[in-house]
Asks: 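Next up is a structure, given as structure tokens.
Ligands are counted one by one from 1 in listed order, and the atoms in each one are counted from 1 as well. Here the structure is a predicted model, which is why all the values come from computation and not from measurement.
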Amino acid sequence: MAVIDIERVTLREIRIRLTEPFRISSGTTHERRILLVEVTDRGGHSGWGECVAGETPHYSPETVDTAWLALTRWIIPSIRGRTFPEPADLFYHLASAIRGHPMARAALEMAAWDLYARLGDVPLARLVGGVQSEVPTGISLGLQERPTDLAHRAAAAVAAGYRRIKLKIEPHRDHDFVAEVRAAVGPDTVLSVDANAAYQPDDAKELERLDAFSLAMVEQPFDGEDLLGHADLQRRLVTPICLDESITSVARAADAVRLGSAQFINIKPGRVGGHTAARAIHDFAADHRIGVWCGGMLETGIGRAHNVALASLPYFTHPGDLSPSARYWVRDIVTPEWTMTDGRVRVPFHRPGIGVDVDVAFVEEITSRHVAMET
Ligand code: OSB
Ligand code: MG
């Protein structure tokens with residue numbers, strides 16, 4: 001296969017409204033600001049990536065603005081005059097040249113994977129090692145005012161075919177909400193909760209009360225840095241702990257597994273520096289019998305395409321947060337839009353690259369800042 005020889009990197013920040021506000025313990029999102037990365041090589045091929053950093057440093061330290069800064073000042077300049085035999089070589093270059101900023105690095109790394117797949121005329125899912133032609137889909141339901149509001153949404157999601165319902169929780173918006181949802185959806189629905197780091201180690205007693213609801217997992221109860229706190233909590237809980245915010249690299253995943261901090265890892269390639277690290281975490285987890293599933297960050301169809309490709313790897317057997325485009329956006333920026341059939345998303349193994357076309361004209365319409373950098 002050809003080498004990766006990037007001539008130009010185009011950054012665009014778009015603004016796009018969610019169909020409804022999404023509230024988690026760390027804040028509410030109405031409209032997303034999303035940084036898109038387009039790489040173009042000297043042969044005129046292109047590849048697309050999407051940065052998962054949020055608008056504010058609530059989920060992670062990185063934001064759209066820090067990612068823009070890191071990409072324009074350090075990350076893109078670091079690849080000037082370089083070529084890479086494979087996307088993994090770009091990953092290792094970025095990981096050693098730039099400390100931190102995994103979301104900013106991932107956006108470029110993932111665009112390079114798409115470019116490389118298009119160069120070889122192969123689907124990205126195949127290139128990353130995917131084998132599953134469809135992936136079960138879960139939904140992540142935001143915090144609601146009242147337990148009945150949440151129970152209605154959960155019941156509607158079960159009726160729509162979702163294979164797992166994840167409820168956002170926070171202190172005082174947990175036990176009663178989960179109880180009402182469990183009563184509404186019955187014992188056979190796969191239910192989980194996600195606290196987005198809203199609890200303190202002192203809250204262990206409150207979290208133990210959730211053991212009554214046969215939850216598949218409780219995601220990220222404590223601060224991302226607190227691996228030992230999660231390990232202590234896991235010893236007290238019957239419900240498996242899943243880590244999300246904590247897992248920023250392969251090394252952090254290995255630490256968490258060694259310490260017993262989690263039985264599941266929510267893998268988001270955009271959070272860990274890209275597909276290279278995401279695949280390594282998948283393989284490591286499989287070797288250690290730690291469950292994995294693919295998370296989401298309210299991405300557009302570009303980020304979702306990358307997540308779907310990754311989630312086709314063999315050990316992604318638990319439903320991912322891979323809801324269809326219409327759940328997030330009035331109009332997605334890719335064609336075809338992402339859909340769900342019988343609670344599953346189809347992996348586009350019949351098309352090269354990410355498997356969807358970027359609607360560049362629409363992207364340009366909603367672009368609020370733009371820079372093209374020659375490399
Ligand atoms: O914790 O998984 C999370 C959205 C934004 C930030 C963090 C998270 C989420 C979600 C949404 O849960 C998942 C999705 O994209 O459907
Ligand atoms: Mg989460």
Side-chain angles (χ1 to χ4, degrees), residues 16 18-34 50-64 67 102-103 106 135-144 150 153-154 157 160 162-170 191-199 215-224 230 240-248 256 262 264-272 278 291-308 310-311 318-329 332 338-340 343 345:
I16 182 165
L18 288 163
T19 51
E20 63 173 15
F22 189 72
R23 179 171 169 200
I24 68 178
S25 60
S26 52
T28 305
T29 310
H30 299 262
E31 185 191 59
R32 294 245 31 228
R33 290 171 55 198
I34 298 176
E50 172 170 344
C51 183
V52 300
E55 296 76 20
T56 54
H58 294 152
Y59 167 88
S60 76
E62 288 186 88
T63 68
V64 185
M103 293 178 174
V135 183
T137 297
I139 190 169
S140 172
L141 297 175
L143 290 166
Q144 303 295 322
L150 190 59
R153 276 159 200 269
Y162 285 101
R163 303 275 161 152
R164 185 224 62 217
I165 314 296
K166 172 169 120 179
L167 313 173
K168 293 294 184 177
I169 58 167
E170 64 181 6
L191 266 190
S192 69
V193 295
D194 184 357
N196 289 109
Y199 292 83
L215 298 173
M217 63 194 85
V218 51
E219 187 173 336
Q220 199 71 45
F222 300 152
D223 187 83
H230 284 101
I241 291 177
C242 173
L243 290 177
D244 174 355
E245 283 90 330
S246 287
I247 308 301
T248 50
F264 286 92
I265 296 175
N266 169 345
I267 303 182
K268 297 173 177 172
R271 188 195 63 223
V272 299
V292 300
W293 52 280
C294 184
M297 292 286 283
L298 310 178
E299 291 96 340
T300 71
I302 296 173
R304 194 162 320 285
H306 282 281
N307 290 346
V308 168
L310 180 77
H318 300 272
D321 281 338
L322 303 164
S323 294
S325 298
R327 200 243 154 175
Y328 308 92
W329 321 111
D332 204 339
W338 292 96
T339 56
M340 177 171 76
V345 53

Asks: Per the side chain to side chain contact (heavy atoms under 4.5 Å, CB included) rule, which among Arg163, Met340, His318, Arg164 passes with Pro136?
Replies: Arg163
Asks: Tell me the closest heavy-atom pair linking Thr28 and His30, and the distance in Å.
Replies: CG2-NE2, 3.8 Å
Asks: To the closest 0.5 Å, what do you measure between CG (Leu310) and NZ (Lys268)?
Replies: 13.0 Å
Asks: At the 4.0 Å heavy-atom cut-off, does Lys166 count as touching ligand 1?
Replies: yes
Asks: Using the side-chain hydrogen bond (donor to acceptor under 3.5 Å, both in side chains) rule, pick out the option among Glu170, His58, Lys168, Glu219 that qualifies with Asn196.
Replies: Lys168
Asks: Does any N or O atom in Tyr59 lie less than 3.5 angstrom from one in ligand 1, N or O only?
Replies: no
Asks: Give the name of the N/O/S atom in Asp244 that lies closest to the Mg ion (ligand 2).
Replies: OD2
Asks: Looking at Lys268, which atoms of ligand 1 are within less than 4.0 Å of one of its heavy atoms?
Replies: 1 (O), 2 (O), 3 (C), 7 (C), 8 (C)
Asks: Please report which non-hydrogen protein atom sits nearest to atom 6 (C) of ligand 1, along with the residue it belongs to and the distance in Å to one decimal place.
Replies: Met297 SD, 3.6 Å
Asks: Considering the heavy atoms of Ser140, write down every atom of ligand 1 situated less than 4.0 Å from one of them.
Replies: 10 (C), 11 (C), 12 (O), 13 (C)
Asks: Once you restrict to heavy atoms under 4.0 Å, what part of Thr29 touches ligand 1? Side chain, backbone, both or neither.
Replies: neither
Asks: Any nitrogen or oxygen of Tyr328, main chain or side chain, under 3.5 Å from a nitrogen or oxygen of ligand 1?
Replies: yes
Asks: Quick check against the 3.5 Å criterion: does Gln144 have a side-chain atom that pairs as donor or acceptor with the backbone of Leu150?
Replies: no
Asks: Rounded to the nearest 0.5 Å, what separates atom OH in Tyr199 from atom CG in Asp223?
Replies: 15.0 Å
Asks: Using atom types as modelled and distance alone, determine if a side-chain donor or acceptor of Arg304 lies under 3.5 Å from a backbone N or O of Glu299.
Replies: yes
Asks: Would you mind listing which atoms of ligand 1 come within a distance below 4.0 Å of any non-hydrogen atom of Glu219?
Replies: 2 (O)
Asks: What protein heavy atom sits nearest atom 4 (C) of ligand 1, and how far away is it?
Replies: Phe22 CE2, 3.7 Å
Asks: Counting only heavy atoms, which portion of Lys168 has something under 4.0 Å from ligand 1: side chain, backbone, both, or neither?
Replies: side chain
Asks: With rounding to the nearest 0.5 Å, note down the distance linking SG in Cys51 to CZ in Arg271.
Replies: 13.5 Å
Asks: Which residue and atom name correspond to the protein heavy atom nearest atom 15 (O) of ligand 1, and how close is it?
Replies: Leu298 N, 2.9 Å
Asks: How long is the gap from CD1 on Ile165 to OG on Ser192, to the nearest 0.5 Å?
Replies: 9.0 Å
Asks: Would you say Asn196 has any N or O atom under 3.5 Å from an N or O of ligand 1, going by distance alone?
Replies: yes
Asks: Please list, in number order, the atoms of ligand 1 under 4.0 Å from a heavy atom of Asp244.
Replies: 1 (O), 2 (O), 3 (C)
Asks: Which of the N/O/S atoms in Glu219 sits closest to the Mg ion (ligand 2)?
Replies: OE2
Asks: Please check whether Ile24 reaches ligand 1 - meaning an N/O of the residue sits under 3.5 Å from an N/O of the ligand, judged on distance alone.
Replies: no
Asks: Among all protein non-hydrogen atoms, which one is nearest to atom 13 (C) of ligand 1, and what is the separation to 0.1 Å?
Replies: Gly296 O, 3.5 Å
Asks: What is the name of the N/O/S atom of Asp194 that is nearest to the Mg ion (ligand 2)?
Replies: OD2
Asks: Supply the atom-to-atom distance Asp244 CG to Gln220 CD, rounded to the nearest 0.5 angstrom.
Replies: 6.0 Å
Asks: Rounded to the nearest 0.5 Å, how far does CG of Asp332 lie from OG1 of Thr339?
Replies: 11.5 Å
